[in-house]
> 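Encoded as structure tokens, here's the structure I'll be asking about.
In this text, all values refer to a predicted model and were calculated from it rather than measured experimentally. Every chain is numbered from 1 and lettered A, B, ... according to where its sequence line falls, protein lines coming before strand lines.
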Amino acid sequence: MLLVTDIRENKEKYIKALAKRGIDASATLDEILNVDEERRSSQGKLDEVLSQSNSYSKEIGKLFQSGETQKANELKEKTVELKESSKQLNDQMMNAAEKLQQLLYTLPNIPNDLVPAGTDENDNEEIFSEGEVPKLAEGALPHWELAKKYDLIDFELGVKITGAGFPVFKGKGARLQRALISYFLDKNTAAGYTEVQVPLLVNEASGYGTGQLPDKEGQMYHVGVDDLYLIPTAEVPITNMFRGDLLNNSDLPITCTGFTPCFRREAGSYGAHVRGLNRLHQFDKVELVRIEHPDNSYKALDGMVEHVKGILRELKLPYRILRLCGGDLGFTSALTYDFEVFSTAQDRWLEISSVSNFETFQANRLKLRFKDTDGKNKLVHTLNGSSLALPRVLAGILENYQTEDGIKIPEVLVPYCGFDFIK
RNA sequence: GGAGAAAUGGCAGAGUGGUCGAAUGCGGCAGUCUUGAAAACUGUUGAGGGUCACACCUCCGGGGGUUCGAAUCCCUCUUUCUCCGCCA
């Protein structure tokens with residue numbers, strides 16, 4: 001959520017920055033400023049009335065104590081009117097505050113200066129690539145064929161149990177997936193991240209805290225009877241562990257990693273690009289979350305990028321890094337780097353990680369602050385990144401490591417798998 | 001699921017209608033002392049809104065109510081603890 005206090009002073013900055021996302025926010029910002037003004041002025045009037053009535057109350061108290069009952073009762077009469085007007089003013093103030101909140105919820109984060117202008121994924125900027133795309137033999141198969149051939153994943157079985165997009169992993173397929181989870185968590189904890197296991201269902205407040213609500217209401221599975229949401233990413237429960245906290249400077253940075261399944265309704269996305277493991281309703285992911293001092297957040301973002309690079313390098317998968325353009329940037333993000341693995345058999349790139357700095361956007365919603373060395377309470381910066389999204393890494397491994405006889409296992413995973421070849 | 005008890009500042013813990021944003025202890029910060037540290041002593045120390053700065057306003061789990069006045073009384077929700085039941 002954007003900061004009203006800052007919008008008051010730098011409206012032009014916000015108009016310009018949001019234009020990068022293709023949003024003309026000037027009307028909304030004007031409305032925000034109007035409502036903000038309205039809120040503050042009615043609050044001011046309310047405060048005056050309350051102040052007056054407080055002092056009457058004190059006086060009445062004293063009069064009763066000194067036995068001047070009649071005087072006290074006379075004074076009581078004077079409070080009647082004040083009470084009425086304080087009710088009205090309070091309603092006014094609450095209305096304005098509520099309206100302001102709703103308006104602020106509609107605006108996405110402002111992009112960092114590095115974010116290129118653009119409307120969709122075609123305008124993203126490739127900033128790095130590494131790894132050789134293997135030359136596959138004639139007749140190389142896409143991962144869903146391989147999964148079937150070697151009996152690693154059963155998509156139909158998932159349809160029977162639940163529906164499309166909920167595959168069943170079997171045998172070495174399941175083991176390889178578990179190996180990846182352990183490997184990622186080991187890499188992350190070795191880099192200093194604290195491993196956490198968190199709830200997979202979150203309440204509404206958590207959804208608002210990290211910005212999934214109200215923006216992406218329809219993307220999450222909602223459990224109606226208990227009013228809980230299945231998490232679309234571990235970012236939600238992990239970041240919300242710190243909701244409302246006032247941290248000490250010395251607590252920063254806080255770094256966590258966690259493995260969770262992720263659930264996404266993916267309403268309205270069908271077709272060739274969702275085949276196999278490309279897009280699922282339930283998938284596994286290991287996530288990184290960082291709570292940082294604002295002065296350090298971009299350095300931390302670079303550090304996360306390097307960390308994920310290291311993992312892909314060890315897996316020897318061909319990948320590239322994109323800096324997302326304004327039009328493709330997530331609602332809450334100020335700067336995002338997407339990692340994509342090349343899927344040789346599909347001849348296309350698959351997004352397997354997204355590393356973002358949200359600056360104060362989430363912190364403002366979460367009311368997550370820290371006491372800086374100057375004694376002032378400030379909003380932290382929150383960041384997160386995947387390391388990594390499992391099924392697509394699996395897809396990349398199956399396709400890029402396939403041979404005529406079977407599938408080789410990347411060297412770093414062999415100790416985790418207990419086998420080095422699938423045939 | 002049933003029966004009871006409770007929820008107060010970073011933590012512990014007083015406070016049952018007015019002078020309580022809240023005793024006390026611990027912790028934190030600053031200082032005195034010390035070669036330095038510890039101990040001891042002194043002072044200071046919640047958050048948000050508002051203001052140029054004050055003033056002022058709000059907040060004692062959430063919401064609502066009674067009252068001139070609520071941490072304190074009433075209703076309701078949530079959570080925690082104890083006992084019983086059930087159970088991976």
Side-chain angles (χ1 to χ4, degrees), chain A residues 1-10 32-101 103-104 197-209 213 223-229 237 240-252 254 261 291 360 362-380:
Chain A
M1 192 163 62
L2 300 177
L3 298 154
V4 215
T5 45
D6 198 41
I7 296 174
R8 272 181 220 153
E9 283 157 28
N10 301 300
I32 284 174
L33 291 177
N34 280 337
V35 177
D36 176 49
E37 180 56 44
E38 197 180 313
R39 199 222 92 221
R40 278 189 293 161
S41 96
S42 48
Q43 171 95 63
K45 287 180 205 154
L46 173 64
D47 286 356
E48 255 173 65
V49 173
L50 289 175
S51 175
Q52 182 60 253
S53 107
N54 282 345
S55 70
Y56 278 147
S57 292
K58 275 181 193 159
E59 223 171 305
I60 291 168
K62 277 180 198 156
L63 289 172
F64 271 125
Q65 263 161 7
S66 61
E68 300 171 77
T69 321
Q70 196 182 335
K71 265 190 171 173
N73 282 325
E74 279 168 27
L75 207 46
K76 266 195 194 180
E77 315 248 322
K78 296 175 94 167
T79 63
V80 176
E81 204 178 313
L82 287 177
K83 217 175 172 183
E84 191 49 45
S85 72
S86 86
K87 240 177 211 162
Q88 264 180 33
L89 286 166
N90 189 53
D91 285 350
Q92 252 179 55
M93 192 271 289
M94 295 294 269
N95 278 340
E98 176 63 21
K99 202 166 156 195
L100 180 63
Q101 182 81 309
L103 283 165
L104 286 169
Q197 286 192 19
V198 290
L200 307 180
L201 285 157
V202 295
N203 56 30
E204 197 180 51
S206 292
Y208 274 95
L213 292 174
V223 183
V225 271
D226 295 303
D227 198 19
L228 296 171
Y229 295 86
N240 271 284
M241 293 198 302
F242 307 98
R243 169 153 45 89
D245 285 1
L246 176 56
L247 304 164
N248 287 313
N249 202 314
S250 56
D251 295 331
L252 300 176
I254 291 172
I291 314 281
T360 59
Q362 289 183 329
N364 188 211
R365 291 178 165 218
L366 294 159
K367 295 288 166 270
L368 171 47
R369 297 157 303 151
F370 72 105
K371 198 171 274 297
D372 206 351
T373 38
D374 60 9
K376 289 192 175 145
N377 300 329
K378 300 174 185 170
L379 293 168
V380 299

> Just to confirm, is there a sub-4.0 Å distance from OP1 or OP2 of G69(B) to any side-chain nitrogen or oxygen of Asn54(A)?
no

> For C60(B), give its Watson-Crick or G-U wobble partner with both distances under 3.5 Å, or none.
none

> For A47(B), take OP1 and OP2 only and decide whether either is under 4.0 Å from a side-chain N or O of Lys367(A).
no

> Tell me if the CD atom of Glu68(A) is crowded by more than 12 foreign heavy atoms within 6.0 Å.
yes

> Would you classify Asn377(A) as touching base, sugar-phosphate or nothing, given that sugar-phosphate means primed atoms plus P, OP1 and OP2, and contacts are heavy atoms under 4.0 Å?
sugar-phosphate

> Nearest whole angstrom, please: distance from the C1' of A47(B) to the CG of Leu379(A).
13 Å

> Applying side-chain contact (heavy atoms from CB on, under 4.5 Å) between Tyr229(A) and each of Leu201(A), Asn203(A), Val202(A), report the one that passes.
Val202(A)

> Mind checking the C1' distance from G43(B) to U79(B)? Whole angstroms is fine.
39 Å

> Rounded to whole angstroms, how far apart are CE on Met93(A) and P on G48(B)?
17 Å

> Any side-chain N or O of Lys371(A) less than 4.0 Å from the OP1 or OP2 oxygen of A47(B)?
yes

> Taking atom NZ as the centre, does Lys367(A) end up with more than 12 heavy-atom neighbours from other residues, nucleotides or ligands that are less than 6.0 angstrom away?
yes

> Using a 4.0 Å heavy-atom cut-off, does Lys45(A) contact any base of the nucleic acid, only the sugar-phosphate backbone, or nothing at all?
nothing

> Both distances below 3.5 Å, Watson-Crick or wobble geometry, any strand: find the nucleotide opposite U24(B).
A12(B)

> Give the nucleotide from the list U51(B), C68(B), A47(B) with an atom nearest to the side chain of Arg40(A).
U51(B)

> Using the P atoms only, state how far G10(B) lies from U82(B), rounded to an integer number of Å.
26 Å

> Pairing check on U51(B): which nucleotide meets the Watson-Crick or G-U wobble criteria with it, both distances under 3.5 Å?
none

> How long is the line joining CG of Leu368(A) and P of G48(B), in whole Å?
13 Å

> Starting from C1' on G48(B), measure out to NZ on Lys378(A) and report it in whole angstrom.
18 Å

> With a cut-off of less than 4.0 Å, is there a side-chain N or O of Arg369(A) near OP1 or OP2 of A47(B)?
no

> Keeping the roles fixed (side chain from Ser57(A), backbone from Ser53(A)), state whether a donor-acceptor pair exists under 3.5 Å.
yes

> Between U42(B) and C83(B), how far apart are the two P atoms, rounded to whole Å?
45 Å

> With both distances under 3.5 Å as the test, what is the Watson-Crick or G-U wobble partner of U66(B)?
none

> What pair of heavy atoms forms the shortest contact from Leu213(A) to Arg365(A), and how long is it?
O-NH1, 2.9 Å

> When you compare C75(B) with G50(B), how far apart are their P atoms, in angstrom units rounded to a whole number?
37 Å

> Using the closest heavy atom to pick a nucleotide of RNA chain B for each, name whichever of Thr79(A) or Gln43(A) lands nearer the 5' end.
Gln43(A)

> When the C1' atoms of A12(B) and G65(B) are considered, how many whole Å apart are they?
33 Å

> For a quick check of understanding: with a heavy-atom distance under 4.0 Å over all strands, which category does Leu50(A) fall into, base, sugar-phosphate or nothing?
sugar-phosphate

> Rounded to whole angstroms, how far apart are CG on Asn90(A) and P on U58(B)?
11 Å

> Given the C1' atoms of A40(B) and U34(B), what is the spacing between them in whole Å?
12 Å

> Whole-Å distance between U58(B) C1' and Leu46(A) CG?
9 Å

> Which base, if any, makes a Watson-Crick or G-U wobble pair with U80(B), both distances under 3.5 Å?
A5(B)

> Name the pairing partner of G31(B), where a pair is Watson-Crick or G-U wobble with both distances under 3.5 Å, or state none.
C41(B)

> Of the listed nucleotides (G69(B), A47(B), C57(B)), which one gets closest to any side-chain atom of Ser57(A)?
G69(B)

> Nearest to the side chain of Arg39(A), which nucleotide is it out of G50(B), C56(B), A47(B)?
G50(B)

> Nearest whole Å is fine: how far is C54(B) P from Glu48(A) CD?
18 Å

> Assess the side chains of Asn34(A) and Glu38(A): does a donor N or O sit below 3.5 Å from an acceptor N or O?
no

> When the distance from NZ of Lys376(A) to P of G48(B) is rounded to whole Å, what number comes out?
12 Å

> With C1' as the reference atom in both, quote the distance from U44(B) to G9(B) in angstrom, rounded to an integer.
16 Å

> Which base sits across from A71(B) as a Watson-Crick or G-U pair, both distances under 3.5 Å?
none

> Out of U51(B), C56(B), G18(B), which nucleotide sits closest to the side chain of Asp47(A)?
C56(B)

> Asn377(A): what forms a side chain to side chain donor-acceptor pair (under 3.5 Å) with it, not counting sequence neighbours?
Lys371(A)

> RNA chain B: Leu246(A) or Ile60(A), which has the more 5' nearest nucleotide?
Leu246(A)

> For nucleotides C87(B) and G13(B), find the distance between their P atoms and express it as a whole number of Å.
36 Å

> Less than 4.0 Å between a side-chain N and a carboxylate O, is that true for Asp36(A) and Arg40(A)?
yes

